[in-house]
Amino acid sequence: MTSPEKFTPTRRDAALAAWASMYAVSELSLIRTTGQGGAAYAQLQVCPSGARYRSVVENMSPRAARELTNGYHANFHHPVLYAKALRMGAVRLAELVPVSPLLRRVLVAAPALAATADITENVVNLYIHEDVDRITDTTARVSSALSIVKWTGTVGPLIYMTTEFVPFWFRAVAGRLSRR
């Protein structure tokens with residue numbers, strides 16, 4: 001384990017920063033691409049019934065529906081970016097601070113599971129958006145379940161790693177400043 005005072009950035013840190021930056025650019029691009037469909041996207045993340053899901057889809061303007069569909073198409077590479085960035089973050093965190101083997105495995109695996117759920121969710125949503133008769137309680141619940149796995153597998157590790165990395169980096173910077 002590395003003490004914050006002796007922290008020296010490595011190639012892995014540079015790669016992590018690069019993947020995190022690509023993810024951030026991808027996120028901004030998805031927000032822009034989804035455009036007016038963004039509000040519907042947020043409402044559809046966890047929809048309790050086919051009727052509610054159908055109501056959201058049917059009440060979108062043609063432009064919002066088109067932009068939401070464009071967002072789903074653009075979202076096939078995005079999960080790979082966040083999974084790679086989060087995985088690299090988990091590996092680097094385990095090099096810098098004590099992390100149990102089980103927690104390390106969870107932090108490495110959760111983003112891959114989340115990315116798989118995200119891509120599958122996109123396929124399901126594209127399928128059911130083509131024809132509102134395909135929207136049933138079952139398809140709405142499948143989409144919602146995939147969304148929950150996606151968000152849990154990304155936000156959970158991200159919050160954990162942030163709470164571990166940020167204090168580490170602040171201590172490293174403070175240690176360097178105090179030596180000057």
Side-chain angles (χ1 to χ4, degrees), residues 7 9-47 53 56 64 66-129 139-170 172:
F7 173 71
T10 65
R11 285 185 180 191
R12 185 166 301 187
D13 294 304
L16 173 57
W19 280 99
S21 296
M22 285 187 285
Y23 162 74
V25 169
S26 175
E27 186 70 39
L28 292 173
S29 175
L30 277 174
I31 290 168
R32 185 173 163 268
T33 301
T34 304
Q36 290 183 6
Y41 175 82
Q43 293 177 54
L44 295 172
Q45 288 300 287
V46 180
C47 236
Y53 197 107
V56 172
R66 183 177 59 253
E67 290 177 348
L68 178 60
T69 299
N70 290 344
Y72 286 131
H73 285 288
N75 194 20
F76 282 97
H77 70 283
H78 185 70
V80 175
L81 296 175
Y82 70 65
K84 181 70 173 178
L86 287 170
R87 182 189 181 287
M88 290 184 82
V91 170
R92 184 60 174 141
L93 180 66
E95 293 173 352
L96 298 173
V97 299
V99 175
S100 74
L102 175 61
L103 179 58
R104 183 181 188 278
R105 284 193 300 273
V106 169
L107 292 174
V108 168
L113 180 61
T116 302
D118 195 353
I119 292 167
T120 306
E121 177 196 18
N122 293 334
V123 170
V124 168
N125 288 334
L126 284 168
Y127 172 76
I128 63 180
H129 286 221
T139 56
R141 288 183 186 130
V142 166
S143 177
S144 294
L146 291 165
S147 179
I148 290 167
V149 171
K150 167 186 70 178
W151 288 109
T152 303
T154 55
V155 175
L158 180 62
I159 290 171
Y160 181 83
M161 285 187 274
T162 300
T163 62
E164 292 294 320
F165 269 127
V166 170
F168 183 88
W169 287 328
F170 279 136

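Hydrogens, waters and symmetry mates play no part in the numbers below; they use all other heavy atoms, side chains included. Note that the structure is predicted; figures quoted are calculated from it, not measured. This chain uses plain numbering: 1 for the first residue, then up along the sequence.
When atom types are taken as modelled, the side chain of Thr120 and the backbone of Thr116 share a donor-acceptor pair closer than 3.5 angstrom. The closest donor-acceptor contact from the side chain of Asn122 to the backbone of Asn75 lies under 3.5 Å. Under a 3.5 Å cut-off, the side chain of Ser144 and the backbone N or O of Ala140 do form a donor-acceptor pair. Looking only at distances, no side-chain donor or acceptor of Ser147 sits under 3.5 Å from a matching main-chain atom of Val46.
Remark: Glu67 CD to Asn70 CG distance equals 7.0 Å, nearest 0.5 Å. Note that the CD1 atom of Ile148 and the CD atom of Gln45 stand 10.0 Å from one another [nearest 0.5 Å]. Here the straight-line distance linking atom CD1 of Ile119 with atom OH of Tyr72 works out to 14.5 Å at 0.5 Å rounding. The distance from atom CE of Met88 to atom CH2 of Trp19, rounded to the nearest 0.5 Å, is 8.0 Å. A distance of 6.5 Å separates CG in Leu96 from CG in Asp13, rounded to the nearest 0.5 Å.
In this structure the side chain of His73 never reaches within 4.5 angstrom of the side chain of Thr33, judged on heavy atoms. The shortest distance between side-chain heavy atoms of Arg105 and Leu102 falls below 4.5 Å. Within the 4.5 Å cutoff, no side-chain heavy atoms of Tyr53 are placed close to those of Arg141. Between Thr34 and Leu68 there is a side-chain heavy-atom pair separated by less than 4.5 Å.
The heavy-atom pair separating Ala83 from Ala115 by the smallest distance is CB-CB, 3.9 Å. Here the closest non-hydrogen pair linking Leu30 and Gly71 is CD2-O, 3.6 Å. Taking every heavy atom of both residues into account, Ala114 and Lys150 meet most closely at CB-O, 3.4 Å. For Gly153 against Leu86, the heavy-atom pair with the smallest separation is O-CD1, 4.5 Å.
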Can you give each donor-acceptor pair under 3.5 Å made by side-chain atoms of residues 157-165, sequence neighbours left out, with the distance rounded to 0.1 Å?
from   : atom 1 : to     : atom 2 : distance (Å)
Thr162 : OG1    : Leu158 : O      : 2.7
Thr163 : OG1    : Ile159 : O      : 3.4
Thr163 : OG1    : Tyr160 : O      : 2.7

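Applying the ring pair (Phe, Tyr, Trp, His ring centres under 6.0 Å) test to Tyr41 and every residue at least two apart in sequence or in another chain returns nothing. With sequence neighbours excluded, the residues satisfying salt bridge (Lys or Arg N to Asp or Glu O under 4.0 Å) with Arg12 are Glu95.
The aromatic rings of His78 and Tyr82 lie perpendicular to each other, with more than 60° between the two planes, well past the 30° mark.
Other residues, nucleotides and ligands contribute at most 12 non-hydrogen atoms within 6.0 Å of the OH atom of Tyr127.
Side-chain contact annotation: Ser143 with Asn125, donor-acceptor N/O pair under 3.5 Å present.
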